[in-house]
Amino acid sequence: MMDLVIPDKVHDESRQGEALILEPAAGKNNGRKLYIESYGCAMNFSDSEIVASILSEQGFETTADFSVADVIFINTCSIRENAEQRVRNRLKEFTVAKVRNPGLVVGVLGCMAERLKAKFLEEEKLVDVVVGPDAYRDLPNLIDQVDSGQKAVNVLLSREETYADISPVRLNSNGINAFVSIMRGCDNMCSFCVVPFTRGRERSRDPQSIVAECTDLFNKGYREVTLLGQNVDSYKWKQSEAGLAKSEGSEEAGEALSLGEDLVEAGAGVNFANLLEMVALISPELRVRFSTSHPKDITDDVLYTINQYDNICNYIHLPVQSGNSRILEMMNRTYDRDWYINRIDAIRRIIPDCAVSTDVITGFCSETDEEHDDTVSMMDYVKYDFAYMFKYSERPGTLAAKRYKDDIPEEIKQKRLAQIVAKQQEYSFYRMQARIGKVEKVLIEGYSKKSDKDYCGRSDQNAMVIFPVGDNYKPGEYVDVLVERSTSATLIGKVV
Ligand code: 5AD
Ligand code: SF4
């Protein structure tokens, strides 16, 4: 199967299975080495940074080489069957390390933990500890239990846990962009999706802690934050948090914090539009991105806020899943084709020059050729800048698995997928070509993958831009790049 892959959002293929490395912790370092590798979405990679932070407090060091590790964690994803398969194969490789070093602790974290805990512990004897996404604070105890010869499990989901007070250790970071989790879980119950079962109920994180984390990142030199949640548009914070520390950072952060306090005190609470504004106020030099938006919840207010602040990037990831209203209803997406088109029209009206990307599932239960054509015509209507495209994969326990038959033959799923992948390639190229001759404001991220004679960075619309290295600018700075040519994934130009 071929998934069209775009870095940074949803599943970044280039990072799948990446191991994270952290500077040795000072203090009560007991010298044990932690190896942690992550699969799945940006939220999982961000969670691994929380795990590393919790364990570095306990004196763990990280290593990028699992053969020297004392503890191996694999942070797993359940979203599609092939994601789970990948993790299983990897776990088998760790068996070899365990045979060599019987004291080695092997743990499964994340979304597969709840679903497969019994299987992992009983059938696949190699796993010592299984920990769900809301139980990472319990890791030090769980590791102690394993050290004393027991298996350890905590897959309890929480209604409150947001890890708000834990400042994640940034791993494998370029020091320029960081992910900041603003909420956890999901209440939407899309019928194909396992996330509400693996990550539990939706809860929002205290806005003051989000602003504090982003301010701290800015002060450390970071220039871009991506606010993460399964459905950022339903972000809501009502509780009054009197007594929370005022910002120690810039004056602007003080302004952001008092905006939040005013909203909470007035009883209105902080919604996503307010939160975006609070983060944007930290500094005009800090770019703000966010993912994922939900078509049913994205409001005009959010769009006006994006348009109002230059540092909130003009880029929205708005998963459509299907362009057909009957399929959308079966998917329990709670919007129909017309509603989605209305949201796209609102984006085009309110934010001139906004890039839009999407997720599409082909071959959902009972989808006809004509219904698939509605997805194709939606792509023609929107002309997405990027798309992540998937064949439907039935997940145990989901509403679709209970209610509907996974009855579209594999060849048809594949054919429909290939058709939309080809279509998307055309539109990605079309969108890129439309930038030729324009000047893009680019935040330099580092050398391009192919050559250290070129820098790369992203435009406001999230396009990757490549241009020659120069003496007058360096990573972490903004430059204006005149676009001279493009591929379907990259803009190429020179600094002006
Ligand atoms: N089968 C295929 N794709 C899925 N996604 C979620 N669940 C499934 C599934 N069971 C896709 C959706 C979602 C993205 C993160 O993964 O398109 O937006
Ligand atoms: Fe899954 Fe739907 Fe929630 Fe996204 S919004 S995580 S697809 S249930």
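When a ligand or atom number is given, it counts from 1 through the structure's own listing order. Note that the structure is predicted; figures quoted are calculated from it, not measured.
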Chemist: With Asp406 as reference, evaluate Lys413, Arg395, Lys391 under the salt bridge (Lys or Arg N to Asp or Glu O under 4.0 Å) test and give the passing residue.
Modeler: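 Answer to the salt bridge (Lys or Arg N to Asp or Glu O under 4.0 Å) test with Asp406 among Lys413, Arg395, Lys391: Lys413.
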
Chemist: Which atoms of ligand 2 sit under 4.0 Å from any heavy atom of Phe192?
Modeler: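 Under 4.0 Å from Phe192, ligand 2 has these atoms: 7 (S).
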
Chemist: Answer yes if the ring centres of Tyr388 and His317 are under 6.0 angstrom apart, and no otherwise.
Modeler: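 Ring-ring flag for Tyr388/His317: true, centres closer than 6.0 Å.
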
Chemist: For Phe45 together with Tyr39, are the ring centres under 6.0 Å from each other?
Modeler: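 No: the rings miss the under 6.0 Å criterion.
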
Chemist: Taking the side chain as every heavy atom from C-beta outward, state whether Val225 and Asn177 have any pair of such atoms under 4.5 Å apart.
Modeler: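 Sidechains of Asn177 and Val225: no contact.
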
Chemist: Have a look at ligand 2 and work out which part of Asn231, if any, has a heavy atom under 4.0 Å from it: side chain, backbone, both or neither.
Modeler: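 For Asn231, no heavy atom sits under 4.0 Å from ligand 2.
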
Chemist: Which residue supplies the protein heavy atom nearest to atom 8 (S) of ligand 2, what is that atom called, and how far is it?
Modeler: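 Result: Cys190 N, 3.5 Å.
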
Chemist: Return the residue, atom name and 0.1 Å-rounded distance of the protein heavy atom closest to atom 4 (Fe) of ligand 2.
Modeler: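 Nearest neighbour among protein heavy atoms for atom 4 (Fe) of ligand 2, to 0.1 Å: Gln230 O, 4.4 Å.
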
Chemist: Hey, which atoms in ligand 2 end up nearer than 4.0 Å to a heavy atom of Cys186?
Modeler: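 Checking each atom against Cys186, I get 3 (Fe), 5 (S), 6 (S), 8 (S).
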
Chemist: Please say whether Tyr392 places an N or O atom under 3.5 Å from an N or O atom belonging to ligand 1.
Modeler: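 No; the residue has no nitrogen or oxygen that sits under 3.5 Å from a nitrogen or oxygen of the ligand.
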
Chemist: For the pair Arg348 (side chain) and Cys354 (backbone), establish whether a donor and an acceptor sit closer than 3.5 Å, ignoring hydrogens and angles.
Modeler: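 Such a contact is found between Arg348 side chain and Cys354 backbone.
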
Chemist: With a 6.0 Å cut-off on the ring centroids, do Phe66 and Phe94 count as close?
Modeler: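 Distance test on ring centres: under 6.0 Å, yes.
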
Chemist: So if I apply the salt bridge (Lys or Arg N to Asp or Glu O under 4.0 Å) rule between Arg343 and each of Asp300, Asp233, Asp297, which one comes out positive?
Modeler: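 Answer after filtering Asp300, Asp233, Asp297: Asp300.
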
Chemist: Decide if atom CD of Glu81 counts as having more than 12 heavy atoms of other residues, nucleotides or ligands within a radius under 6.0 Å.
Modeler: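 For Glu81, atom CD is not crowded (no more than 12 foreign heavy atoms under 6.0 Å).
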
Chemist: Could you tell me whether Val360 and ligand 1 have an N or O pair separated by under 3.5 Å?
Modeler: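 No, since none of the N or O atoms of Val360 sits under 3.5 Å from an N or O of ligand 1.
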
Chemist: Just to be sure I read this right, does ligand 1 sit under 4.0 Å from the backbone of Glu394, its side chain, both, or neither, counting only heavy atoms?
Modeler: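 For Glu394, there is no contact with ligand 1 at all, from either part.
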
Chemist: Against heavy atoms of Asn188, which atoms of ligand 2 measure under 4.0 Å?
Modeler: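 This gives 5 (S) as the contact atoms.
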
Chemist: For ligand 2, note which part of Pro319 has a heavy atom under 4.0 Å away: side chain, backbone, both or neither.
Modeler: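 Contact part for Pro319 vs ligand 2: neither.
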
Chemist: Strictly under 4.0 Å, does any heavy atom of Arg333 approach an atom of ligand 2?
Modeler: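 True for this residue.
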
Chemist: What are the atoms of ligand 2, with element, lying closer than 4.0 Å to any heavy atom of Pro196?
Modeler: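 Contacts of ligand 2 toward Pro196, numbered from 1: 8 (S).
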
Chemist: At a threshold of 2.8 Å, where the distance has to be below it, does atom 1 (Fe) of ligand 2 have an N, O or S atom of Cys193 nearby?
Modeler: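 Yes, within the cut-off.
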
Chemist: Near Lys391, which atoms of ligand 1 are under 4.0 Å from a heavy atom of that residue?
Modeler: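 Listed by number with element: 1 (N), 2 (C).
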
Chemist: Near Asp359, which atoms of ligand 1 are under 4.0 Å from a heavy atom of that residue?
Modeler: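 Those atoms are 13 (C), 14 (C), 15 (C), 17 (O), 18 (O).
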
Chemist: Evaluate Ser393 for polar contact with ligand 1, using N/O atom pairs at a separation under 3.5 Å.
Modeler: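 Yes - when backbone and side-chain N and O of Ser393 are compared with those of ligand 1, one distance drops under 3.5 Å.
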
Chemist: Do the side chains of Ile36 and Leu55 get nearer than 4.5 Å, heavy atoms only?
Modeler: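 The answer is no; the side chains never approach within 4.5 Å.
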
Chemist: At less than 4.0 angstrom from any non-hydrogen atom of Gln321, what atoms of ligand 1 do you find?
Modeler: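 Answer, ordered by atom number: 12 (C), 13 (C), 17 (O), 18 (O).
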
Chemist: Side chains of Tyr381 and Ile341: closer than 4.5 Å at any heavy-atom pair?
Modeler: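 Counting from C-beta outward, Tyr381 and Ile341 do come under 4.5 Å.
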
Chemist: Please work out, at 4.0 Å between heavy atoms, whether the side chain, the backbone, both, or neither of Phe390 comes within that distance of ligand 1.
Modeler: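 Just the side chain.
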
Chemist: Within ligand 1, which atoms have a heavy atom of Ile361 less than 4.0 Å away?
Modeler: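 Those qualifying, in numeric order: 3 (N), 4 (C), 5 (N), 12 (C), 17 (O).
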
Chemist: N/O to N/O below 3.5 Å, does that happen between Arg80 and ligand 1?
Modeler: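 Such a contact does occur with ligand 1.
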
Chemist: Heavy-atom distance under 4.5 Å between the side chains of Tyr35 and Thr62, does that happen here?
Modeler: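 Not touching, per the 4.5 Å side-chain cut-off.
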
Chemist: Measure up the Phe364 and Tyr404 rings against each other and bin them: parallel (under 30°), tilted (30 to 60°), perpendicular (over 60°).
Modeler: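 The arrangement is perpendicular - the two ring planes meet at more than 60°.
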
